[in-house]
K.L.:
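Structure provided below as structure tokens; questions to follow.
Below, each value reflects all heavy atoms present in this structure, side chains not excepted, and no hydrogens, waters or symmetry copies.
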Amino acid sequence: MPCAQAQELGGLRFQAALSGAQVVPAVDAQSQAVVRVSFDTAFSEARIAFDVAGEPQITRARIHCGLPGEDGPVVLGLLDPGPLLEIVDETEITVDNEDMTPTDCVPGIGRPIRNLAALAFAMREGLVYVQLDTLRFSSGELRGQFLEVGELGELELPANRRGFLLSP
């Protein structure tokens with residue numbers, strides 16, 4: 001998602017660099033992705049954008065509450081279940097509180113996540129991850145923990161699509 005679009009929302013921005021190494025247990029993924037989330041200032045909408053490389057056949061995409069290295073429950077389904085029919089490179093979607101799955105994340109992260117505001121603040125503390133399941137790995141091929149964009153700059157897939165770069 002271009003920075004200008006995220007700034008239009010005026011709220012918090014997060015991103016996750018997905019890899020097979022972050023899946024529990026880790027897998028030898030042939031793909032990689034960056035997922036960006038931008039919240040509006042009222043936390044009534046979130047824009048989610050996917051930058052995918054390696055042409056994985058994505059069968060499911062979900063946002064979970066959970067610490068790095070630990071699995072957690074789903075708080076927002078994006079694909080199967082969810083509003084998306086497919087995810088390819090540069091897929092974008094806008095979600096609202098109606099799309100949320102109110103979830104008791106207390107056992108894993110110490111708080112429930114019932115709406116977009118709670119999701120944003122859990123993301124800010126590194127308590128939320130995104131996972132993509134594929135035909136090759138039906139229990140998860142790509143996973144990444146969300147970090148606030150202001151902390152490390154934009155993550156981008158380079159032109160050669162072999163690794164992640166941080167842009168200033």
K.L.:
Taking the side chain as C-beta and beyond, is there a heavy-atom pair between Phe39 and Leu119 under 4.5 Å?
P.N.:
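The answer is yes, as the side chains (C-beta and beyond) meet within the 4.5 Å cut-off.
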K.L.:
Could you tell me whether a side-chain N or O of Tyr129 sits under 3.5 Å from a main-chain N or O of Gly72, the two making a donor and an acceptor?
P.N.:
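Pair found, side chain donor or acceptor close to backbone of Gly72.
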K.L.:
Does Ala42 offer a backbone N or O that forms a donor-acceptor pair with the side chain of Ser44 under 3.5 Å?
P.N.:
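No, the answer is negative, given that no donor and acceptor are paired below the 3.5 Å cut-off.
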K.L.:
Could you check if a side-chain atom of Val95 sits within less than 4.5 angstrom of a side-chain atom of Ile48, using non-hydrogen atoms only?
P.N.:
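When only atoms from C-beta onward are counted, Ile48 and Val95 do touch, with a gap below 4.5 Å.
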K.L.:
Which heavy atom of Pro83 sits nearest to which heavy atom of Gly77, and what is that distance?
P.N.:
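Closest pair (atom of Pro83, atom of Gly77, distance): CD-O, 3.5 Å.
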K.L.:
Can you name the nearest heavy-atom pair linking Glu86 to Thr91, along with the distance?
P.N.:
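Minimum heavy-atom contact is O-CG2, 4.0 Å.
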K.L.:
Between the main-chain N or O of Thr59 and the side-chain N or O of Asp133, is there a donor-acceptor pair closer than 3.5 Å?
P.N.:
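Looks like no, no N/O pair under 3.5 Å.
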K.L.:
A side-chain contact here means heavy atoms from C-beta on lying under 4.5 Å apart; do Leu76 and Asp99 qualify?
P.N.:
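Yes. Closest side-chain heavy atoms under 4.5 Å.
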K.L.:
Of the options His64, Arg60, Gln131, which is the one that meets Val74 in a side chain to side chain contact (heavy atoms under 4.5 Å, CB included)?
P.N.:
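The residue from His64, Arg60, Gln131 that satisfies side chain to side chain contact (heavy atoms under 4.5 Å, CB included) with Val74 turns out to be His64.
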K.L.:
Quick one: are Ile113 and Val128 in side-chain contact, heavy atoms under 4.5 Å?
P.N.:
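With C-beta onward as the side chain, the pair touches.
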K.L.:
Answer yes or no: is there a side-chain heavy-atom contact under 4.5 Å between Asn115 and Phe43?
P.N.:
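No, side chains not in contact.
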K.L.:
If you define the side chain from C-beta out and look only at heavy atoms, does anything of Met123 sit under 4.5 Å from Val37?
P.N.:
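The answer is yes, as the side chains (C-beta and beyond) meet within the 4.5 Å cut-off.
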K.L.:
Of all heavy-atom pairs between Leu116 and Asn97, which one has the smallest distance, and what is that distance?
P.N.:
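Residues Leu116 and Asn97, closest heavy atoms: N-OD1, 2.7 Å.
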K.L.:
To the nearest 0.5 Å, how far apart are CG in Leu18 and CD in Gln32?
P.N.:
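CD of Gln32 is found 10.0 Å from CG of Leu18.
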K.L.:
State plainly whether one hydrophobic cluster holds both Val23 and Leu67, where clusters connect Ile, Leu, Val, Met, Phe, Trp and Tyr through side-chain heavy atoms under 4.5 angstrom apart.
P.N.:
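Each belongs to a different hydrophobic cluster.
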K.L.:
What residues, two or more places apart in sequence or in another chain, satisfy salt bridge (charged side-chain N to carboxylate O under 4.0 Å, His left out) together with Arg111?
P.N.:
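Listed in chain order: Glu125.
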K.L.:
How many angstroms lie between CG in Asp89 and CG in Asp51, if you round to the nearest 0.5 Å?
P.N.:
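If we round to the nearest 0.5 Å, Asp89:CG and Asp51:CG are 5.0 Å apart.
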K.L.:
Taking C-beta and beyond as the side chain, do Ser31 and Thr134 meet within less than 4.5 Å on heavy atoms?
P.N.:
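When only atoms from C-beta onward are counted, Thr134 and Ser31 do not touch, as no gap falls below 4.5 Å.
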K.L.:
Same hydrophobic cluster for Val27 and Val52, using side-chain heavy-atom links shorter than 4.5 Å among ILVMFWY?
P.N.:
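No, separate clusters.
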K.L.:
Please check if the side chain of Ser138 supplies one atom and the backbone of Leu135 the other of a donor-acceptor pair under 3.5 Å.
P.N.:
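No; zero donor-acceptor contacts below 3.5 Å.
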K.L.:
Quick one: do Arg62 and Asp80 satisfy salt bridge (Lys or Arg N to Asp or Glu O under 4.0 Å)? Show the steps, please.
P.N.:
CA-CA 8 Å; Arg62 299 175 295 183; Asp80 188 35; over 6 Å; no
K.L.:
Can you tell me how far the CD atom of Gln22 sits from the CD atom of Glu141, to the nearest 0.5 Å?
P.N.:
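Rounded to the nearest 0.5 Å, the CD-CD separation comes to 13.0 Å.
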K.L.:
What is the minimum heavy-atom distance between Leu142 and Gly20, and which atoms define it?
P.N.:
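Reported closest heavy-atom pair: CD2-N, 4.0 Å.
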K.L.:
Which atom pair, heavy atoms only, marks the closest approach of Leu84 to Phe50?
P.N.:
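That closest heavy-atom pairing would be CD1-CE1, 4.0 Å.
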K.L.:
Answer yes or no: is there a side-chain heavy-atom contact under 4.5 Å between Phe14 and Val35?
P.N.:
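In short, these two side chains do not touch, never coming nearer than 4.5 Å.
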K.L.:
Check Arg143 with Asp71, please: is the shortest side-chain N to carboxylate O separation under 4.0 Å?
P.N.:
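A salt bridge is present here (some side-chain N lies under 4.0 Å from a carboxylate O).
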K.L.:
I need the minimum non-hydrogen distance between Arg136 and Gln30, along with the two atoms involved.
P.N.:
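The answer is NH1-CG, 3.0 Å.
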K.L.:
Same cluster for Phe137 and Val24 if Ile/Leu/Val/Met/Phe/Trp/Tyr side chains link at under 4.5 Å?
P.N.:
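In one cluster: no.
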